[in-house]
Number of protein chains: 2
Amino acid sequence: MATGRSHRPATRSRGIPEATVARLPLYLRALTALSERSVPTVSSEELAAAAGVNSAKLRKDFSYLGSYGTRGVGYDVEYLVYQISRELGLTQDWPVVIVGIGNLGAALANYGGFASRGFRVAALLDADAALAGRLVAGLPVRHIDELEAIVVDNQVSIGVIATPAGAAQEVTDRLVNAGVTSILNFAPTVLSVPDGVDVRKVDLSIELQILAFHEQRKAGEGRQEPDGDVPAVMPA
Amino acid sequence: MATGRSHRPATRSRGIPEATVARLPLYLRALTALSERSVPTVSSEELAAAAGVNSAKLRKDFSYLGSYGTRGVGYDVEYLVYQISRELGLTQDWPVVIVGIGNLGAALANYGGFASRGFRVAALLDADAALAGRLVAGLPVRHIDELEAIVVDNQVSIGVIATPAGAAQEVTDRLVNAGVTSILNFAPTVLSVPDGVDVRKVDLSIELQILAFHEQRKAGEGRQEPDGDVPAVMPA
DNA sequence: TAGTGTGAAAGCCTTCACAGCG
DNA sequence: CGCTGTGAAGGCTTTCACACTA
């Protein structure tokens, strides 16, 4: 999902399939929880259950990272936490700017899992001059005019867009121009970016619409088991 | 992707592949924009560009819905809007409850694309009694004790969870017990639900971690480091 | 003629099932 | 013996490329 444009034919950045990369954070979260409970080792079966996947998939995923398990025993929790963190690039510090400090931007700024795990909010930016200086999550909101300077000074490579849809493309252009190469977009717009810039989007209404689709299907299925066909109510 | 548990072997609810369903909202948004500009027809090429996909994929997707285009011309915008809306179940009204009215819950309540498109916020719920009665997005926050009554009275089948992680599973259980069969989860937890209940999750920190992975890869590509092994610190 | 609709080909991703190791 | 690691098989998804038609 969501890379810059139509580049990268079969994106697996270094042998690790994209689908696996997308699950590593899930494993990491489950492992972190185990680590906090001082659990020393875990089997693929247990960890898979905690992460909400099946164990064959988990083992296959881990096999792309290397042979980090012990047959007959399982995986060393601490060691795996380290390996996955390293693989994901979380052993280094990633300064992030959040643009658009409405409810959503504020929610993001306050989000704990954000600040932990290597991500540091370098600045909060908003176009509304009236917001400037106000503290959100302990940080002062700064005016969007400062965007370029902040990105350059802090070597920000990741930007989060929580602006209204209408402002998203312009903000994107400015971020990219200033040197940002990864964007997490919460605005309901398709962003266009140059090659080499990654965009991931999170879209609330799309998720809801997908749920509605399945909801409708369930309702249409009626009481009996879905063995045969659905009534086939064709449109006009 | 986010269905209840390990059920549904190859989920395509009625011939429409899951991957296609996930793109229909994208097409719908692009079409709605065209409709507002009173554009009568679009080609697959144009619409695909607006939606951020390629045209072959779009045509294939539409072919699962039926033959709604005109060769040599393109697609009728209004007609497609209607067909996709119907397919997604957006021609009916979906009452939704949002649980957890912090910054994120408030952002969701205020989100425009939410209220439009067939989704109606039936209630905002929070465990904090101090919030009760306060207006958010024009709706009064109600206490979580009212959850069951609200779900039943409004025939709510979709619930949105914006609570802290610790509360998410309990809220889920109560929603499901009361009759909710689709859940959009913003809490960073794996929810367990009975068969037949769909869960989709949106996880901010996961998205960021995926970006960090690619960011790291880009950075590493500039230097040498092709075979990238690390000192091999084996576990105890 | 311009652009849809679609078999066929090619790639991914998941699952299976079991060899092999601690 | 228990559990990992992994070829092989099977499914989905995307892409290709072109017949076909308004």
Side-chain angles (χ1 to χ4, degrees), chain A residues 1-3 5-24 26-27 31 39-49 51-77 79-80 83 210, chain B residues 1-3 5-24 26-27 31 39-77 79-80 83 210 234-236:
Chain A
M1 183 169 284
T3 49
R5 208 38 332 118
S6 52
H7 59 135
R8 263 200 285 197
T11 312
R12 30 149 86 195
S13 296
R14 180 294 257 22
I16 302 184
E18 206 36 51
T20 294
V21 171
R23 281 187 295 266
L24 291 181
L26 239 49
Y27 302 143
L31 285 163
V39 176
T41 60
V42 67
S43 68
S44 63
E45 202 73 53
E46 293 164 334
L47 184 54
V53 303
N54 77 356
S55 63
K57 195 185 288 184
L58 178 143
R59 288 200 302 279
K60 187 61 121 181
D61 283 342
F62 285 179
S63 78
Y64 293 113
L65 306 183
S67 290
Y68 293 155
T70 307
R71 290 166 197 244
V73 177
Y75 300 92
D76 182 278
V77 172
Y79 186 61
L80 251 194
Q83 288 299 342
I210 295 172
Chain B
M1 191 152 303
T3 49
R5 203 47 322 119
S6 51
H7 59 137
R8 264 200 286 191
T11 311
R12 31 149 86 193
S13 296
R14 176 299 252 27
I16 302 184
E18 203 42 45
T20 294
V21 171
R23 282 187 295 267
L24 291 181
L26 240 51
Y27 302 143
L31 284 163
V39 176
T41 60
V42 265
S43 67
S44 62
E45 204 72 53
E46 294 163 333
L47 184 53
V53 303
N54 77 355
S55 63
K57 195 185 287 185
L58 179 143
R59 286 199 304 278
K60 188 61 126 179
D61 283 341
F62 285 180
S63 77
Y64 293 114
L65 306 182
S67 290
Y68 294 155
T70 305
R71 290 169 198 240
V73 177
Y75 301 92
D76 183 278
V77 171
Y79 187 60
L80 250 194
Q83 289 299 343
I210 296 172
M234 282 311 279

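All of these numbers come straight from a predicted model, not from anything done at the bench. Residue numbers begin at 1 in each chain, while the letters A, B, ... track the order of the sequences.
The separation between B/Lys60 atom NZ and D/dC16 atom P is 13 Å, rounded to whole Å. Atom CG in B/Leu58 sits about 15 Å away from atom C1' in D/dT13, given to the nearest Å. For the pair B/Arg23 CZ and D/dT13 P, the computed distance is 8 Å after rounding to whole Å. Rounded to an integer number of Å, the gap from B/Asp76 CG to C/dT4 P is 13 Å. Going from atom CD of B/Glu18 over to atom C1' of D/dT14 covers 16 Å, rounded to whole Å.
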Provide a list of protein-nucleic acid N or O atom pairs under 3.5 angstrom, restricted to nucleotides 1-5 of chain D.
| residue | atom | partner | partner atom | Å |
| --- | --- | --- | --- | --- |
| D/dG2 | N2 | A/Gly72 | N | 3.4 |
| D/dC3 | O4' | A/Gly72 | N | 3.0 |
| D/dT4 | OP1 | A/Ser44 | N | 2.6 |
| D/dT4 | OP2 | A/Ser44 | OG | 2.6 |
| D/dT4 | O2 | A/Arg71 | NH1 | 3.0 |
| D/dG5 | OP1 | A/Tyr68 | N | 3.3 |
| D/dG5 | OP1 | A/Gly69 | N | 2.8 |
| D/dG5 | OP2 | A/Tyr75 | OH | 2.8 |
| D/dG5 | O4' | A/Arg71 | NH2 | 3.0 |
| D/dG5 | N7 | A/Arg59 | NE | 2.9 |
| D/dG5 | O6 | A/Arg59 | NE | 3.4 |
| D/dG5 | O6 | A/Arg59 | NH2 | 3.1 |

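Residues B/Asp61 and B/Tyr27 have side chains that bring a donor and an acceptor to within less than 3.5 angstrom of each other.
Under 4.0 angstrom from either OP1 or OP2 of C/dT15 there lies at least one side-chain N or O belonging to A/Lys57. When the side-chain nitrogen and oxygen atoms of B/Asn54 are compared with OP1 and OP2 of D/dT15, one or more of them lie within a distance under 4.0 Å.
Although no hydrogens or angles enter the test, the distance criterion places no donor-acceptor pair under 3.5 Å between the side chain of B/Thr70 and the main chain of B/Val73.
With sequence neighbours left out, A/Thr41 forms a side-chain hydrogen bond (donor to acceptor under 3.5 Å, both in side chains) with no residue at all. In this structure, B/Arg59 has no salt bridge (Lys or Arg N to Asp or Glu O under 4.0 Å) partners at least two apart in sequence or on a different chain.
For A/Tyr68 and A/Tyr79, the ring centers sit closer than 6.0 Å to each other.
Side-chain atoms of B/Lys57 and B/Thr20, non-hydrogen and from C-beta on, never get closer than 4.5 Å to each other.
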